[in-house]
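Each chain gets a letter, A, B and so on, in the order the sequences are listed, and its residues count up from 1.
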Protein chains: 2
Amino acid sequence: MSTETSPTPARLNHAAVVALIGRDIVNGKYAVGEILPFEEEFVEKLDVGRGVIREAIRVLAAKGLVETRPKRGTQVLPSSMWQLLDPEILFWRIGQDFDPKFLRDLTDLRSMIEPAACALAAERASDPELQLIAALTRELNYAKDDELAFIEADLKFHRTIMQSTHNEILVQIGVAIESVLRLSVEVTVGIGHGRRIEEHEKVANAICNRQASKARNAMADLIGLNVLDIASILGPAFSNPKK
Amino acid sequence: MSTETSPTPARLNHAAVVALIGRDIVNGKYAVGEILPFEEEFVEKLDVGRGVIREAIRVLAAKGLVETRPKRGTQVLPSSMWQLLDPEILFWRIGQDFDPKFLRDLTDLRSMIEPAACALAAERASDPELQLIAALTRELNYAKDDELAFIEADLKFHRTIMQSTHNEILVQIGVAIESVLRLSVEVTVGIGHGRRIEEHEKVANAICNRQASKARNAMADLIGLNVLDIASILGPAFSNPKK
DNA sequence: AATGTCAATATGTACGACTAATTAATTATT
DNA sequence: AATAATTAATTAGTCGTACATATTGACATT
């Protein structure tokens, strides 16, 4: 039995290396401007072939995290170059801890995008999409006692609105925003969703009646609630984050 | 002399391969869901090593364009997975031709982001940043006869506002929408910038006096002008693009 | 002090062999 | 005949070495 403990130390594959180094960069273990270890060092430290390291660094470069140059090595780029909305980078940043500053940035974005998207959806949504939105508000009601189902329905509600704008870019930003959204739902677990459901219904009704500005305002109200919820958990660090 | 015609056919490097395949994907030469040629085929067709192909495909995968799996090959992902705001992807799409649909999507985004960003900037901008914004409006005036300088000053004006929100994500989105911005400036070359400068001054004044909602409205007006300019060039295909 | 040359070095590329995983065809089973 | 298990074929994944290329920094030259 003891012979089975480590059949082979489970060599890292390319994706694991990307995550390993990527996390260390976005979390500041490697400072901006710093040259990170040379290929050969990674090769022996992680016990993988050089190709794996190279491909991993290529991926990081594609995401704007690093830049490679002969003789100088691989340098960490300023964070203004990072593709912050890239799902992986987002995951590395959110997964770790909730940097209040970054959370506020995402909330800013959400406050700009979602209300405006509701207005667009009210104008552009197809009839089937409107029906889907209406159906989802009902589903929210059914699921109000099942936390997990409620969260999923909530997320799908917002996602559907984004899709109803018929704007590829907005759909994508919507996916990025989902992490804040999920947080704002999760922090309210157990305190009842009555108010939340009401607000969702207002949004849905406005969209389905094609009242653009009403939909915008309703969503702004909804987000306002969420922001209060988040702020009550994170305290002043969120509303007024350290620079 | 004839021996010098082709010293070496200038082998493609990794970045060139990324651009080559990436362009073909975003422009639909490889359809969504399609399996693109196997590594070995690229190797002989492009006359490069297998590592180059692999690294290139890794980059494309990092940008969400493709997904690789053993035995199946490399498959083009649905465009909802593409990192549309990635500078390279943006360049491949914009550089080619102006897809009216995509242009409208970007304009939607701009209409949501920039006015709200002006409001934020009015609240959060530091004093030096306010001075910079003021200085840039003056620079716009000086440069009104030098088209190239005018465009650069215009872009820098908008960029500075984004930076004044102190929001990393907005700065990045700002960079992404710069391409539409550039277009909207370029289409008006030669017809005088008087009106445009006026509008910029309104925006700048509102921000510098920390009047958030006034700044929001001024920027919305400015964008409204730009949209009209673009629509007048592209015609109905822009305002009401084919799905 | 400015410029040009050269050697050191880390990334860039190539090639060949092998591994691993997944699909599809084949065979065995019910 | 339909279904499940087995096997074979294929393609991405990895490794290792050798060589090419480009950038840097030191040194020498003007």
Got a sec, which residues hit salt bridge (charged side-chain N to carboxylate O under 4.0 Å, His left out) with [X], two or more places apart in sequence or on another chain?
X         : value
Glu129(A) : none
Glu152(B) : Arg182(B)
Asp47(A)  : Arg11(A)

- Using five base pairs at each end, measure the axis-to-axis angle across the helix from dA1(C)-dT30(D) to dT30(C)-dA1(D) and round it to 10 degrees. 20°

Counting only side-chain nitrogens and oxygens, does [X] get under 4.0 Å of the OP1 or OP2 atom of [N]?
X        : N       : answer
Thr68(B) : dG13(D) : yes
Arg58(A) : dG12(C) : yes
Arg11(A) : dG13(D) : no

Whole Å only: how far is the [atom1] atom of [X] from the [atom2] atom of [N]?
X        : N       : atom1 : atom2 : result
Gln75(A) : dT24(D) : CD    : C1'   : 13 Å
Leu46(A) : dC15(D) : CG    : C1'   : 15 Å
Ile53(B) : dT14(D) : CD1   : C1'   : 17 Å
Ile57(B) : dG13(D) : CD1   : C1'   : 12 Å
Glu67(B) : dT11(D) : CD    : P     : 18 Å
Leu12(B) : dG12(C) : CG    : P     : 16 Å

Please list, chain by chain and in numerical order, all residues satisfying ring pair (Phe, Tyr, Trp, His ring centres under 6.0 Å) with [X], sequence neighbours excluded.
X         : answer
Phe42(B)  : none
Phe102(A) : none
His200(B) : Phe157(B), His158(B)

Indicate every side-chain donor-acceptor pair of residues 106-113 of chain A with a distance under 3.5 Å to a residue at least two apart or in another chain.
unit_1: Thr107(A); atom_1: OG1; unit_2: Leu103(A); atom_2: O; d: 2.8
unit_1: Asp108(A); atom_1: OD1; unit_2: Arg124(B); atom_2: NH2; d: 3.2
unit_1: Asp108(A); atom_1: OD2; unit_2: Arg124(B); atom_2: NH1; d: 2.8
unit_1: Asp108(A); atom_1: OD2; unit_2: Arg124(B); atom_2: NH2; d: 3.2
unit_1: Asp108(A); atom_1: OD2; unit_2: Asn167(B); atom_2: ND2; d: 3.0
unit_1: Arg110(A); atom_1: NE; unit_2: Glu114(A); atom_2: OE1; d: 2.6
unit_1: Arg110(A); atom_1: NH1; unit_2: Asn226(A); atom_2: OD1; d: 3.1
unit_1: Arg110(A); atom_1: NH2; unit_2: Glu114(A); atom_2: OE1; d: 3.2
unit_1: Arg110(A); atom_1: NH2; unit_2: Asn226(A); atom_2: OD1; d: 3.0
unit_1: Ser111(A); atom_1: OG; unit_2: Thr107(A); atom_2: O; d: 2.9

Donor-acceptor contacts, no H, no angles, side chain residues 14-37 of chain A, under 3.5 Å, sequence neighbours left out:
unit_1: Asn27(A); atom_1: ND2; unit_2: Arg23(A); atom_2: O; d: 3.1
unit_1: Glu34(A); atom_1: OE1; unit_2: Ala31(A); atom_2: N; d: 2.7

Pick out the pairs of N or O atoms, protein on one side and nucleotides 16-22 of chain C on the other, that lie under 3.5 Å.
unit_1: dA17(C); atom_1: N6; unit_2: Arg50(B); atom_2: NH1; d: 3.3

- Message: Can a donor-acceptor pair be found, under 3.5 Å and without considering hydrogens, that links the side chain of Glu168(A) to the backbone of Ser80(B)?
- Response: no

- Base, sugar-phosphate, or nothing: which does Gly73(B) touch, judged by heavy atoms less than 4.0 Å apart? sugar-phosphate

- Value rounded to 0.5 Å, distance of CG in Leu85(B) from CG in Asp86(A): 11.0 Å

Distance-only criterion, 3.5 Å: show the donor-acceptor pairs between side-chain atoms of residues 130-141 of chain A and protein atoms not counting sequence neighbours.
unit_1: Thr137(A); atom_1: OG1; unit_2: Ala134(A); atom_2: O; d: 2.5
unit_1: Asn141(A); atom_1: OD1; unit_2: Lys144(A); atom_2: NZ; d: 3.2
unit_1: Asn141(A); atom_1: ND2; unit_2: Glu201(A); atom_2: OE2; d: 3.3

- Note on the structure: Within residues 31-42 of chain B, those residues having any heavy atom closer than 4.0 Å to DNA chain C are none

- Among the nucleotides dA12(D), dT11(C), dA14(C), whichever has the atom closest to the side chain of Arg54(A) is dT11(C)

